[in-house]
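These notes concern the structure reproduced below.
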Amino acid sequence: RMAFGPFAVKTSFGETTIANPTTATAFLRALGPSYRTTYHWKVAERMLEVAWTSAEAEDMAAQAFKIALEADDLLID
């Protein structure tokens with residue numbers, strides 16, 4: 001089983017680490033509308049909503065979240 005994260009993420013106040021779906025959801029909900037209305041963030045949000053249902057769902061949520069971060073250059077390598 002692949003664990004969720006951790007993801008090093010750029011924020012408006014510096015950087016933070018996101019290591020679970022709950023924190024990822026809070027981060028996503030704190031994003032401005034210009035981010036949240038894009039397709040990749042909508043997909044990530046939907047996947048995070050069901051991440052708790054199974055290990056596979058959590059893995060898929062992690063992938064969707066990572067793709068959204070990369071699409072907006074928010075992921076720190």
Side-chain angles (χ1 to χ4, degrees):
R1 176 175 189 249
M2 185 179 139
F4 191 98
F7 301 104
V9 178
K10 296 176 193 172
T11 65
S12 59
F13 53 85
E15 68 179 68
T16 191
T17 301
I18 297 174
N20 61 59
T22 304
T23 308
T25 300
F27 173 81
L28 192 152
R29 292 189 176 151
L31 291 173
S34 63
Y35 286 103
R36 290 190 64 193
T37 57
T38 59
Y39 180 75
H40 48 273
W41 283 112
K42 287 181 179 184
V43 171
E45 185 171 26
R46 298 299 174 260
M47 296 305 298
L48 287 166
E49 287 173 357
V50 298
W52 63 272
T53 61
S54 69
E56 182 180 3
E58 187 174 313
D59 289 344
M60 291 176 68
Q63 289 175 0
F65 187 69
K66 183 177 180 182
I67 289 168
L69 290 170
E70 289 173 335
D72 288 325
D73 196 32
L74 296 175
L75 185 65
I76 299 169
D77 294 327

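In this chain, residues are counted from 1 in sequence order.
- Applying the side chain to side chain donor-acceptor pair (under 3.5 Å) rule to R36 yields the partners E45; only residues at least two apart in sequence or on another chain are considered.
- Listed by chain and number, the residues in a side-chain contact (heavy atoms from CB on, under 4.5 Å) with T16 are V9, T11, I18 (sequence neighbours excluded).
- The closest donor-acceptor contact from the side chain of T23 to the backbone of A19 lies at 3.5 Å or more, if one exists at all.
- Smallest separation of non-hydrogen atoms from A57 and S54: N-OG, 3.0 Å.
- Other cluster members for V50: none, since no ILVMFWY side-chain heavy atom sits under 4.5 Å from it.
- Distance NZ/K42 to CG/L28: 12.0 Å, rounded to 0.5 Å.
- The list of salt bridge (charged side-chain N to carboxylate O under 4.0 Å, His left out) pairs with a residue in residues 11-21, not counting sequence neighbours, is empty.
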For a quick test of your reading: what N or O donor-acceptor pairs under 3.5 Å do the side chains of residues 67-77 make, sequence neighbours left out?
from, atom 1, to, atom 2, distance (Å)
D72, OD2, H40, NE2, 3.0
D72, OD2, W41, NE1, 2.6
D73, OD2, K10, NZ, 3.4

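- By the 4.5 Å side-chain criterion applied to Ile, Leu, Val, Met, Phe, Trp and Tyr, M47 is assigned to a cluster that also includes Y39, V43, M60.
- Residue pairs satisfying the ring-ring contact (aromatic ring centres under 6.0 Å, His included) criterion with at least one member in residues 6-32, sequence neighbours excluded, are listed as follows: F4-F7, F7-F65.
- Applying the side chain to side chain donor-acceptor pair (under 3.5 Å) criterion to T25, with sequence neighbours excluded, gives no partner residue.
- Every residue two or more places apart in sequence or in another chain was checked for a salt bridge (Lys or Arg N to Asp or Glu O under 4.0 Å) with K66, and none qualifies.
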